[in-house]
Structure formats: structure tokens, C-alpha cells
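Here the structure is laid out as C-alpha cells; the discussion comes afterwards.
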Amino acid sequence: MTARIIDGAAIGKTIRESVRQKINSFIAKGNRPPCLAVLLVGDDSASQVYVKHKEKACAEAGITSKTFRIPTTATEADILALIHELNQDRSIDGILPQLPMPAHIDRVKVVSAIYPAKDVDGLSFYNQGRLAWNLPALRPCTPAGVMELLKHEGIECAGKQAVVIGRSVLVGLPIQMLLTHANATVTCVHSKTINPEKLAKNADILIAAAGSMHLVTKDWIKSGAVVVDVGIHRKADGKLTGDVKPEDALELASYFTPVPGGVGPMTIAMLMINCVTAYESQF
Ligand code: NAD
């Protein structure tokens, strides 16, 4: 079997284009454009690249972005004071603290300080709680992007065995919730799981979000499975790759999301959607 490649770059582009058209129609009616505030604390090189991608996507979609580049010496109180200011600012629709933050800043305090209607990363207690209850909310971007890819390809989740490798609040856990709400039977595999490959091999839908390069090989993939690779790693040659060994997934899976060009562009596309949702909720 040769897997069908799910082209997240093309799907994400279509979504961003529809966001741009929606924003144009708001602006044509005399409204201001949506505005996203990004907090970039410290000098983590991967974070700087991600923030650049977000700024570019915002510019293309017609969203104003304001990046607050904050030195590592800033205190937690400084960050919380800035979030408080942005919460009150009616010209700001979304607030996104780029994670990870430096170790002296408690990300839980930062994320939960954001007004839920402006929490475009969908990580606050309020939005994660509504996700658990399967109620409308700002959904975490990467998990929402994964579900959008499955939907776009017409992959039915109901009744399927899904295995999610990873249980982070940012990625693994919300994907498990979304798949459960879509009526899949979901198994979580994490770093303490015994014989993870045996569980993974049962999956009709296998989501790899472990942050471990090429962890998922032939032994983990059932023939005909849908394999979604969330991981992002930079190889020694500078190229990006994921948690899944691509040649193995291409050989065994029915569908596969490549890295780059799979889940990554969908994360950005879902952020654009969340910015517009947050903007509309201000009216
Ligand atoms: P994390 O480190 O917070 O969580 C990793 C999870 O994987 C943990 O729950 C851990 O228990 C599990 N895990 C680790 N090693 C494992 C192993 N050997 N076997 C089974 N489970 C294992 O990471 P995260 O923030 O959830 O991100 C995961 C990956 O996704 C990273 O590579 C990250 O760069 C990537 N990511 C990609 C996007 C995107 O847009 N494509 C967005 C966010 C994160």
C-alpha cells in the first residue's frame, strides 16, 4: 500500500483564504481588522520562527498582529501585568503567549490570566473545560487542525480505534477529547506505557504527538491505518521531520500527513479561524 499524502499546506491555504475573504467583508462594512497580540518571551530560536510564521499568516489574512518581544529578564508579574492590560484593550481580539516560556514564568498562571474570549490558543481552564463538555469554545489550534484534516479527507472517526501517542495539555489530551467526541474509541499511549507499539498497531487512526523523532516505525503501524504526524524535529541536515518514520508510514498507511506540510500549516490556519471567532465575539 502507498499512503495518500494529506496536503495540510494546501488545505490550510484554502482555510486562510476563506478567513481573508471573511475579514474583507467586515472591513468593507467599516469595521477595523481583527488584532492578535503575541507575547514572545526570551530568545528560544524555534519560538522565534513560529512567531514569524504567525505574523506572516496574519498579514496575509488581513489580521493585524502585534508582537511583544519581551526579554528573558522580565518577571512573571511583568507578563501578568501586560496580559491584564491586553485583556482590557478593546482593540485587541486575541492574546497568544508563545510557549514554552522561560522556566521562571509559570505557564499555567500566564494562560489562565488571559480573558477566555481572547484565548485564541484555547488553553485556558474555561476553554479546555468547554472542550471536555463538548461545548462550543476556542479550541486548541493543533488538535483542531488535526480534526479538520480528517474531516477534509472524509475520514470517519465514529467506531474507529484511535491511538494518540502523547498526553500534553497543548496537543495529546485535547486530541483525545476531540476524537472521543467524534465517537472514536480512544487509547492514550504515553512515556510510561508498556508495549506502546502493540497498542499503536491496533489503531485505525494513529496520532503521533510524542516529540520523539521517528519513534513510530513499521512495528507501530497497522496496514491501512490513517497516520497523523504532529511531531516537529530538525534533523542534522537542517530539514524538518516528525515523530513518524515517513518511509514506513508511506508503505503501510492508507493516509499520512507529512512533515513539513501536514499538521503544521493547519495549526496556523486554525489560529486564524480562532482570531476571527474572538473578533466576532467582541461585537
Ligand atoms: P510534550 O513534550 O509536552 O508531550 C509529549 C508527550 O508524549 C508526553 O505526554 C509524553 O508522555 C509522550 N511521550 C514522550 N515520549 C514518548 C514515547 N517514547 N512513547 C510514548 N509517549 C511518549 O510535547 P507536545 O507539546 O505535546 O508536542 C509534541 C510534538 O508535537 C513535538 O514534537 C512538538 O514540536 C510538536 N508540535 C507540533 C505542532 C504543529 O503545529 N505541528 C504544534 C505543537 C507541537
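Each ligand, and each atom within it, is numbered from 1 in the order the structure gives. Computed over heavy atoms, backbone and side chain alike; hydrogens, waters and symmetry mates excluded. In this chain, numbering begins with 1 at the start of the sequence shown.
For ligand 1, the polar-atom distance check finds an N/O of R167 within less than 3.5 Å of one of the ligand's N/O atoms. At least one N or O atom of S191 sits closer than 3.5 Å to an N or O atom of ligand 1.
Side-chain contact of T277 with N274: a donor-acceptor pair under 3.5 Å is absent, judged by distance alone. In the model, T217 has no side-chain atom that pairs as donor or acceptor with a side-chain atom of D219 under 3.5 Å.
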TODO: Begin from the C-alpha positions of D243 and H233 and carry the test side-chain hydrogen bond (donor to acceptor under 3.5 Å, both in side chains) through to its verdict.
DONE: CA-CA 8 Å; D243 283 359; H233 310 278; 2.6 Å; yes
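Nearest-residue assignment for atom 36 (N) of ligand 1 (options V263, L170, V230; heavy-atom criterion): V230. The option from S168, G166, P143, C141 that lies nearest to atom 1 (P) of ligand 1, judged by heavy atoms, is S168. The residue among P265, A210, S212 with a heavy atom at the shortest distance from atom 13 (N) of ligand 1 is A210. Which of L215, L99, I165 comes nearest to atom 17 (C) of ligand 1 through a heavy atom is settled by distance: it is L215.
In summary, the atoms of ligand 1 found under 4.0 Å from a heavy atom of T267, numbered by their order in the structure, are 39 (C), 40 (O). For ligand 1 and V171, the ligand atoms under 4.0 Å from any heavy atom of the residue are 26 (O), 43 (C), 44 (C). The distance from ligand 1 to the heavy atoms of G264 drops below 4.0 Å at these ligand atoms: 40 (O), 41 (N).
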Name every donor-acceptor pair, under 3.5 Å, that has one atom in a side chain of residues 251-273 and the other anywhere in the protein, sequence neighbours excluded.
from: S254; atom 1: OG; to: G224; atom 2: O; distance (Å): 2.7
from: S254; atom 1: OG; to: A225; atom 2: O; distance (Å): 3.2
from: T257; atom 1: OG1; to: D229; atom 2: N; distance (Å): 2.8
from: T267; atom 1: OG1; to: T142; atom 2: OG1; distance (Å): 3.0
from: T267; atom 1: OG1; to: V263; atom 2: O; distance (Å): 3.4

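In this structure, atom 4 (O) of ligand 1 has a protein heavy-atom contact shorter than 4.0 Å.
N127 places no side-chain N or O within donor-acceptor distance of the main-chain N or O of G122, the cut-off being under 3.5 Å.
At least one side-chain heavy atom of P140 sits less than 4.5 Å from a side-chain heavy atom of L131. Two residues are said to be in side-chain contact when any heavy atoms from C-beta on lie closer than 4.5 Å; V163 and W220 fail this criterion.
Residue-level proximity to ligand 1 for H233 is carried by the side chain, the only part with a heavy atom below 4.0 angstrom.
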